> 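Next up is a structure, given as structure tokens.
For ligands, and for the atoms within them, numbers begin at 1 and follow the listed sequence. All values below were derived from every heavy atom in this structure, side-chain atoms included, with hydrogens, water molecules and symmetry-related copies excluded. Just so it is clear, the model here is predicted, and its values are computed rather than measured.
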Amino acid sequence: MTHLRTRAVHAGQHPDPASGAIAMPITQSTAFAYGSLERGAAIFAGEAEGYRYGRYGNPTVAALEAKMADLEGAEAAVAFASGTAATAATVLALLQPGDELVFLGPLYGGTEGLLRSLGERWGLRVTDATATGLAAALSPATRMVWVEPLTNPSLQMHDLAAVAATARAHGALTVADNTFCTPCLTRPLAHGIDLVVHSMTKYLGGHGDATGGLVAGKAAHIAQIRKTGLGHIGASLAAQEAFLFLRGIKTLPLRMAAHCEGAQAVAGFLASHPAVRTVHYPGLPSHPQHALAQRQMEGGFGGMVTFELAQGERSAAASMLNALKLFAQAVSLGDVDSLACHPASTTHSFVSPEARAAAGVGEGMIRLSVGIEHPDDLVADLSQALAAR
Ligand SMILES: C/C=C(/N=C/c1c(COP(=O)(O)O)cnc(C)c1O)C(=O)O
């Protein structure tokens, strides 16, 4: 299998050997008989393959991990109960108190909030390199560099190959949160990044009905993250959720194409609207990193569009958002349903006003997760909402 569209359907799974079932069976079990003391001891010692207890692994979850490792071009992957759990497990497994994590922001507010809480309560040194640039922020204590290739919510881009080269020269691991791009548009490991994190809750599930996270990368790193995240923290993904992700990922390439088509149309409409001051979309020539987007992304520029109204107050944003009919006002993203939110009062309310200002998250900013509805209907909804202000 070569094409990602084919691997999205078939990688990691096969018809059930017992029943022939094409859809992956949901193994709704926490206990797994291992047949003899000797085999049980060998499984617990890691000397034999086999399931031992739901917290450590499950056949339905294993198929999802294998599929995502294939799509990201990774040696291995481990799934978690949420993207935040995947983030926490990665940091806690690979770093220790006194180490420094440098991030290139802006980041999703919840991720920055988690990292800063680990700094305050666990002794992790957390440095925001957004303003200074990565090289200037590195120190002898730097062990990890965290980046979102396409940032939440301002849709800035980071050059993954450059980040990977700078961090590797310093001896630091790199982690890319690929939630916004998915492996359809960007595969960070191919640019030299060490680990990829996903909130599967978003595009990978794609239907707003499952919460999950995943880390993919080298087998040795994934084994450490698995031990910490599942064995010690217990942030396991349920089999039912894994089934929903397996089903969602089968159509991911088709859905991403529709998301990209809709977002490009929406961004083009907003860019020419008098009530809109700025549109952030990597597919627009006006995007400061449009050339990088053309190099680093393939097949489209994503389904997220963020813009600022000319009238920058929260009241103007409220008037527009409250008038939407097709876009639902909700956080999260990557659903087949189009969603709209006001980051300053929701997803980025976790970070300080100063950090929000530094990240460009103003009161007039609106973030759109463009779904797979027909672009004309989405543009019509935005047009009537902008006129209603
Ligand atoms: C309400 C949640 C939003 N985001 C979440 C998110 C997470 C965290 O992922 P879980 O929500 O823990 O699966 C990790 N990484 C990225 C780039 C994210 O956007 C949101 O922005 O709307």
Side-chain angles (χ1 to χ4, degrees), residues 64 68 72 78-92 101 103-118 130 146-158 160 175-183 185-186 188 193 195-216 229 233 235-238 241-242 244-245 248-249 259 280 282 302-306 321 327-335 337-351 356 359 361 365-371:
L64 170 64
M68 280 306 298
E72 286 286 5
V78 54
F80 290 105
S82 66
T84 301
T87 298
T90 301
V91 174
L92 293 171
L101 182 150
F103 72 84
L104 277 167
L107 300 178
Y108 159 56
T111 299
E112 183 169 345
L114 165 64
L115 296 178
R116 294 202 181 281
S117 73
L118 290 173
T130 312
W146 198 281
V147 65
E148 292 173 4
L150 187 54
T151 69
N152 181 353
S154 48
L155 301 180
Q156 288 158 256
M157 291 200 66
H158 291 293
L160 295 176
V175 185
D177 181 331
N178 203 28
T179 300
F180 272 38
C181 294
T182 83
L185 307 183
T186 302
I193 295 289
L195 289 160
V196 179
V197 164
H198 280 281
S199 167
M200 295 195 288
T201 312
K202 311 302 187 299
Y203 286 106
L204 297 181
H207 295 74
D209 56 9
T211 300
L214 183 117
V215 190
I233 301 173
S236 315
L237 180 70
E241 299 295 89
L244 291 173
F245 289 121
I249 294 165
H259 286 296
H280 306 283
M304 300 302 293
V305 178
T306 300
L321 282 165
F327 282 81
Q329 268 201 80
V331 295
S332 198
L333 57 112
D335 296 6
D337 305 70
S338 290
L339 306 175
C341 77
H342 179 249
S345 60
T346 56
T347 55
H348 289 69
S349 58
F350 307 120
V351 299
R356 275 207 300 276
V361 180
M365 177 181 274
I366 290 170
R367 188 190 78 180
L368 303 177
S369 171
V370 178

> Suppose we screen for ring pair (Phe, Tyr, Trp, His ring centres under 6.0 Å). Which residues come up paired with His198, at least two apart in sequence or across chains?
none
> Can you name the side chain to side chain donor-acceptor pair (under 3.5 Å) partners of His348, sequence neighbours left out?
none
> Is a donor on one side and an acceptor on the other found under 3.5 Å between the side chain of Ser338 and the backbone of Gly371?
yes
> Enumerate the pairs of nitrogen or oxygen atoms, one from ligand 1 and one from the protein, separated by less than 3.5 angstrom; state names and distance to 0.1 Å.
residue  : atom   : partner : partner atom : Å
ligand 1 : 4 (N)  : Lys202  : NZ           : 3.4
ligand 1 : 9 (O)  : Ser199  : OG           : 3.1
ligand 1 : 11 (O) : Lys202  : NZ           : 3.4
ligand 1 : 12 (O) : Gly83   : N            : 3.3
ligand 1 : 12 (O) : Thr84   : N            : 2.9
ligand 1 : 12 (O) : Thr84   : OG1          : 2.8
ligand 1 : 13 (O) : Gly83   : N            : 2.9
ligand 1 : 13 (O) : Ser199  : OG           : 2.9
ligand 1 : 13 (O) : Thr201  : OG1          : 2.7
ligand 1 : 15 (N) : Asp177  : OD2          : 2.6
ligand 1 : 19 (O) : Asn152  : ND2          : 2.9
ligand 1 : 21 (O) : Asn152  : ND2          : 2.9
ligand 1 : 21 (O) : Arg367  : NH1          : 2.8
ligand 1 : 22 (O) : Ser332  : N            : 2.8
ligand 1 : 22 (O) : Arg367  : NH2          : 2.9

> With sequence neighbours left out, what residues match Arg116 under salt bridge (Lys or Arg N to Asp or Glu O under 4.0 Å)?
Glu112
> Mark yes or no for whether Thr151, through its side chain, and Gln156, through its backbone, hold a donor-acceptor pair below 3.5 Å.
yes
> Donor-acceptor pair, distance only, cut-off 3.5 Å: does the side chain of Asn152 make one with the backbone of Phe180?
no
